Engineer: 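Here's a structure for you.
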Amino acid sequence: MFRIFGNRHLFRRDIEPRCAYCVRANAIDAQSMSCRKRGIVPREGSCRAFRYDPLCRIPPKPAVLRGTFTDADFQLEEYHED
């Protein structure tokens, strides 16, 4: 159904249930959520009423390059056959 996005990991069915990804929960602060079914719950909690909302997931931050690099470090050398 969601194949147009090409990313099965975000829309997979076997996602670990967490209130942070649930349609029925809204964030209060960094640790708690307000659930329509259970009231105030921890962000890592879950219940049987869990319904996955892929738009609630926050992707991990991209990796940071450590060290000093120049443009030459990221260029491919051309191969010449003689």
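Values below: all heavy atoms of this structure, side chains included; hydrogens, waters and symmetry mates excluded. From a predicted model like this one, the values you see are computed outputs, not experimental measurements.
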Engineer: Which pair of non-hydrogen atoms, one from A25 and one from C19, has the smallest distance, and what is that distance?
Structural biologist: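 Smallest interatomic distance, heavy atoms only, reads CB-O, 3.4 Å.
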Engineer: Checking one residue: I28. Which other hydrophobic residues are in its cluster under the side-chain 4.5 Å linking rule?
Structural biologist: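 Members other than I28 - counting any ILVMFWY side chain reachable under 4.5 Å - are I40.
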Engineer: Suppose the criterion is salt bridge (charged side-chain N to carboxylate O under 4.0 Å, His left out): which pairs have a residue in residues 37-51, not counting sequence neighbours?
Structural biologist: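 Listed by first then second residue: nothing to list.
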Engineer: Only counting residues at least two apart or in another chain, list the ones meeting side-chain hydrogen bond (donor to acceptor under 3.5 Å, both in side chains) with D71.
Structural biologist: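 Here no residue qualifies.
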Engineer: Work out which heavy atom in M33 is nearest to a heavy atom in A20; give both atom names and the distance.
Structural biologist: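 Smallest interatomic distance, heavy atoms only, reads CE-CA, 3.9 Å.
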Engineer: With sequence neighbours left out, write down each residue that passes side chain to side chain contact (heavy atoms under 4.5 Å, CB included) with N26, or none if nothing qualifies.
Structural biologist: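 Testing N26 for side chain to side chain contact (heavy atoms under 4.5 Å, CB included), a comparison that skips the adjacent residues, returns none.
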Engineer: Which residue pairs pass the salt bridge (charged side-chain N to carboxylate O under 4.0 Å, His left out) test with at least one member in residues 18-27, sequence neighbours excluded?
Structural biologist: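 Sorted pair list: E16-R18.
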Engineer: Let me know which of S46, C47, C22 forms a side-chain contact (heavy atoms from CB on, under 4.5 Å) with P17.
Structural biologist: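 Considering S46, C47, C22, a side-chain contact (heavy atoms from CB on, under 4.5 Å) with P17 is found only for S46.
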Engineer: Can you name the nearest heavy-atom pair linking V23 to D53, along with the distance?
Structural biologist: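 Nearest heavy atoms, V23 then D53: CG2-CB, 3.4 Å.
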Engineer: Please identify each residue that fulfils side-chain hydrogen bond (donor to acceptor under 3.5 Å, both in side chains) with S34, with sequence neighbours left out.
Structural biologist: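 S34 satisfies side-chain hydrogen bond (donor to acceptor under 3.5 Å, both in side chains) with no other residue.
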